[in-house]
**Q** 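I'd like to ask you about the structure that follows.
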Amino acid sequence: MKQQIEKLLADAVASLPDVADHPELQSLRPELERARDAKHGDYASNIAMQLARPLRRKPRDIANDIIDQLGSSELLAGVEIAGPGFINFRLADTAYNSELRAILQAGKTYGHGGSGAGHRLIVEFVSANPTGPLHVGHGRHAAYGASVANLLSAAGYDVHREYYVNDAGRQMDILAVSLWLRMYELNDTPLDFPVGGYQGDYVREIASQALADGARDLLPDGGNLLDDLPPDNPAGADVYLDALIARARERLGDEGFDRLLRIAADAILADIKDDLAEFGVVFDEWFSERSLMDSGAIDRALDRVQTNGHTYSKDGAIWFRATEFGDEKDRVVIRENGRTTYFASDIAYHLQKRERGFGTLVDILGADHHGYVARVRAGLQAVGESPDCLEVDLVQFVVLYRGKDKVQMSTRSGEFETLRKLRDEVGDDAARLFFVSRSNDQHLDFDLELAKSRSNENPVYYIQYAHARICSVLRELEERGLQWAQERGSNNLDRLSETHEVELRQILCRYPEILALAARQRAPQHVVHYLRELAQALHTYYNAHRFIVDDDELRDARLLLVLATRQVLRNGLDMIGVSAPASM
RNA sequence: GCCCCGGUAGCUCAGCUGGAUAGAGCGUCCGCCUCCUAAGCGGAAGGUCCCAGGUUCGAAUCCUGGUCGGGGCACCA
């Protein structure tokens, strides 16, 4: 609807004689915005005021000329000039009514647009290290990323959802030795557990399962296992861990150590997958960092950086000249010990995404990764890709509170709140909605006690209740032995003249604009706020009028309006992964 | 020190490419169920949009400088 009016306006502006004389104005695309106040009609444009300066004319005079050029359209019930030079457009009832019919006709796809058609896009999100269960912060990433992916998909993009699995590197080694020592412990040969190890109980559970699965051969005689290692204390934890990892590799061989590592990683990853699936977050691909090493992708990427002349050696390491591309310092890609860095994997990974044919690479990352954005952009340029293909959306932290107390979170110490626990406490629907109801670059204070104690007052129920109410009306209709006659409703939409009906209809027809906006801005919170508004309009209508009335024509028209509302509620809730129950 | 994000009602937050009288939820106060679900509706109270400049016909929104809060500046991932 909006697009049609925009087209009319654009044509009218282009046909103004003095605009034709200004070549620089040819590319100007007049834009419409929703009028905030119903007095101002449905849409307003400020184009006349924008033209006033270049044309050296009064805004209201220009507006007048534009309106003359507009001619008449059956979409419009009125066009007028207001205030300093706004042009206000009032849509015709017939335009609104055909949009109502379009809602039911389009069903699940109502509101979808085509702005992203033909464009392949990859959204990478969550990508938590498989070193422990997901915590609350990951839940926010999951909810946000999944919603953004849905929105982009609805905007017509060909969207690929991906989780990057960091199954290589030092953190995994630490996890492996943590598991190893827990297995000794459960095998009645307890050894001192490193202060820097992963202390969570889940490691014990994996150890127990591993032993049950017959992994006892990974436990050579433990008597002198920890002899001659450096002292383990908080200050020297890293040195100690390195020595411990080296000892494990020495005793088990690379193959044995690798098995140990895989047992841990596979178990944790399986748990993460279950957790996310239950949360309604699904991925097209779980992409392994290790596979980049095994396939030689990292070496190839580094070769390319080197060939392009962007590396040098210093202190026994190979450095990437990131400063050439605007990063604040150069970065190591191959360590003194010969191993590639995580950053090297990242260059290869992003290059590889491009090679898989994605036009835009969307990374959804924690706010603590902001320093890393310039680095990856630099890396992309060094391998000959445009830095503009990468879009990074940072998600600010979730700060957990229990009442007034901040809950400290650290995966290694095992003191943290898991996503699973949160889901159990507040429910999947409430958690999904809560996580996306705030802008991603806003810190999120999450009070667990509040969320728990008020679970019945959560806004999610308000929206879901509107949906359930409509379903309930239909059940009532059936109980009374009546049927909704779509045709009759459709032919009598002009009977919907109550203020509440006009308002509800207007809100419904705004849905496509909201979706487009939310997709463009990667801002699912717009959908949440919209749904609340829509639910409110429905509740108000419900309280003011009865839908099941004796007058067949009016009843069927009202039911059409209400069914369209149900459809849009469903579609919107679906975007953010929240269910639409038929009864509550 | 440098970089990123934020500061809007008592609390938690929306506010789209600058636009007409700044919004919602919670909390507080007053009303509404012989009627399709009261997890609902109607009404009231509540504001120095952090501060100071600037740009503009017009600034919560853009720019500059402060200030307060969170985060980041590894041969960790």
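Excluded from the calculations below are hydrogen atoms, water molecules and symmetry mates; all remaining heavy atoms, backbone and side chain alike, are included. Chain letters run A, B, ... following the sequence lines, proteins first and then strands; every chain starts at 1.
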**Q** Are A:Y461 and B:rA38 close enough that a side-chain N or O sits under 4.0 Å from OP1 or OP2?
**A**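 Checking A:Y461 against B:rA38: no side-chain N or O falls below 4.0 Å of OP1 or OP2.
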**Q** Within the structure shown, what part of the strands sits under 4.0 Å from A:E33 by heavy-atom distance: base, sugar-phosphate, or nothing?
**A** base
**Q** For A:D363, what residues pass the side-chain hydrogen bond (donor to acceptor under 3.5 Å, both in side chains) criterion, not counting sequence neighbours?
**A** A:H350, A:K353
**Q** Using modelled atom types and a 3.5 Å cut-off, is there a donor and acceptor pairing between side-chain atoms of A:D429 and backbone atoms of A:S579?
**A** yes
**Q** Taking OP1 and OP2 of B:rC2, is either one under 4.0 Å from a side-chain nitrogen or oxygen of A:K329?
**A** no
**Q** Could you measure between the two C1' atoms, the one in B:rG7 and the one in B:rU61, and give it in whole Å?
**A**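 The answer is 14 Å between these two C1' atoms.
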**Q** Under the 6.0 Å and 45° cation-pi test, does A:R532 pair with A:Y462?
**A**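 Negative - A:R532 is either too far from the ring of A:Y462 or too far off its axis.
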**Q** Is there a salt bridge (charged side-chain N to carboxylate O under 4.0 Å, His left out) between A:D258 and A:R290? Walk through the geometry before answering.
**A** CA-CA 12 Å; A:D258 207 54; A:R290 247 185 120 94; 2.7 Å; yes
**Q** Does A:T565 have any side-chain hydrogen bond (donor to acceptor under 3.5 Å, both in side chains) partners at least two apart in sequence or in another chain, and if so, which?
**A**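 In terms of side-chain hydrogen bond (donor to acceptor under 3.5 Å, both in side chains), with neighbours along the sequence ignored, A:T565 is linked to no residue.
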**Q** Who is the Watson-Crick or G-U wobble partner of B:rC36, with both distances under 3.5 Å?
**A** none
**Q** For nucleotides B:rU12 and B:rG53, find the distance between their C1' atoms and express it as a whole number of Å.
**A** 32 Å
**Q** Looking only at atom C1', what distance separates B:rA20 and B:rG27, rounded to whole Å?
**A** 32 Å
**Q** Using heavy-atom distances to pick each residue's nearest nucleotide on RNA chain B, tell me which of A:D368 and A:F434 is more 5'.
**A**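 Taking each residue's closest nucleotide, the earlier one in sequence belongs to A:F434.
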**Q** Round to a whole Å and report the spacing from OH of A:Y542 to P of B:rA39.
**A**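 It is 10 Å, rounded to the nearest whole Å.
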**Q** Only pairs with both distances under 3.5 Å count, Watson-Crick or wobble alike; so what is the partner of B:rG53 in this structure?
**A** B:rC63
**Q** Using a cut-off of 4.0 Å on non-hydrogen atoms, how would the nucleic acid contact of A:R520 be classed: base, sugar-phosphate, or nothing?
**A**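 Sugar-phosphate: the residue A:R520, judged by heavy atoms under 4.0 Å, touches backbone atoms but no base.
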**Q** Does a side-chain N-to-carboxylate-O contact under 4.0 Å join A:R475 and A:E479?
**A**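 Salt bridge between A:R475 and A:E479, a charged N being under 4.0 Å from a carboxylate O: no.
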**Q** Do any pairs count as a salt bridge (charged side-chain N to carboxylate O under 4.0 Å, His left out) and have a residue in residues 313-322 of chain A, sequence neighbours left out, and if so which ones?
**A** A:R321-A:E324
**Q** Find the partner of B:rG23: check Watson-Crick (N1-N3 plus N6-O4 or O6-N4) and G-U wobble (N1-O2, O6-N3) distances, both under 3.5 Å, and reply none if neither fits.
**A**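 The answer is B:rC13, by the H-bond criterion.
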**Q** Count the heavy atoms of every other residue, nucleotide or ligand shown that sit under 6.0 Å from CD of A:E80, and state whether that count exceeds 12.
**A** yes
**Q** Taking a pair as Watson-Crick or G-U wobble with both distances under 3.5 Å, which nucleotide is matched to B:rG1?
**A**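 Here B:rG1 is engaged in a pair, and the nucleotide opposite it is B:rC73.
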**Q** Rounding to a whole Å, what distance do you find between A:Q483:CD and B:rC36:P?
**A** 22 Å
**Q** When you measure only distances, ignoring hydrogens and angles, does the side chain of A:N88 come within 3.5 Å of the base of B:rA20 through a donor and an acceptor?
**A**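 Donor-acceptor pair under 3.5 Å: yes.
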**Q** Checking understanding here: a glycosidic angle within 90° of 0 is syn, the rest anti, so what is B:rC33?
**A** syn
**Q** Could you measure between the two C1' atoms, the one in B:rC4 and the one in B:rA9, and give it in whole Å?
**A**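 Their C1' atoms lie roughly 29 Å apart.
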**Q** If you measure from the ring centre of A:F86 to the centre of the six-membered ring in the base of B:rA20, is it under 5.5 Å, with the planes under 30° apart?
**A**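 Whether judged by distance or by angle, A:F86 passes, so it stacks on the base of B:rA20.
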**Q** Using a strict threshold of under 4.0 Å (side-chain N to carboxylate O), is an ion pair present between A:D238 and A:R170?
**A** yes
**Q** Under 4.0 Å from OP1 or OP2 of B:rC73: is there any side-chain N or O of A:R375 that close?
**A**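 No, A:R375 has no side-chain N/O under 4.0 Å of OP1/OP2 on B:rC73.
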**Q** Name all pairs fulfilling the salt bridge (charged side-chain N to carboxylate O under 4.0 Å, His left out) condition that reach into residues 509-519 of chain A, sequence neighbours left out, sorted by first residue then second.
**A**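 For residues 509-519 of chain A: A:R34-A:E513, A:R510-A:E533.
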**Q** Can you tell me the Watson-Crick or wobble partner of B:rC29, both distances under 3.5 angstrom?
**A** B:rG43
**Q** Give the rounded distance in Å between these two atoms: CG of A:L151 and C1' of B:rC16.
**A** 14 Å
**Q** Going 5' to 3' through nucleotides 4-9 of chain B, assign each nucleotide B (protein heavy atom under 4.0 Å from a base atom), S (under 4.0 Å only from sugar-phosphate atoms) or - (no protein heavy atom that close).
**A** SBS---
**Q** Provide, to the nearest angstrom, the distance between the CD atom belonging to A:E503 and the P atom belonging to B:rC41.
**A**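 In whole Å, B:rC41 P lies 14 Å from A:E503 CD.
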**Q** On RNA chain B, compare the nucleotides closest to A:Q521 and A:A168; which residue's is nearer the 5' end?
**A**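 By nearest-heavy-atom nucleotide position, the 5'-most residue is A:Q521.
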**Q** More than 12 heavy atoms of other residues, nucleotides or ligands under 6.0 Å from CD of A:E478: is that the case?
**A** no
**Q** Look for any protein N or O under 3.5 Å of an N or O in nucleotides 42-45 of chain B and output each such pair with its distance, or none.
**A**
residue, atom, partner, partner atom, Å
B:rG42, OP1, A:T540, OG1, 3.1

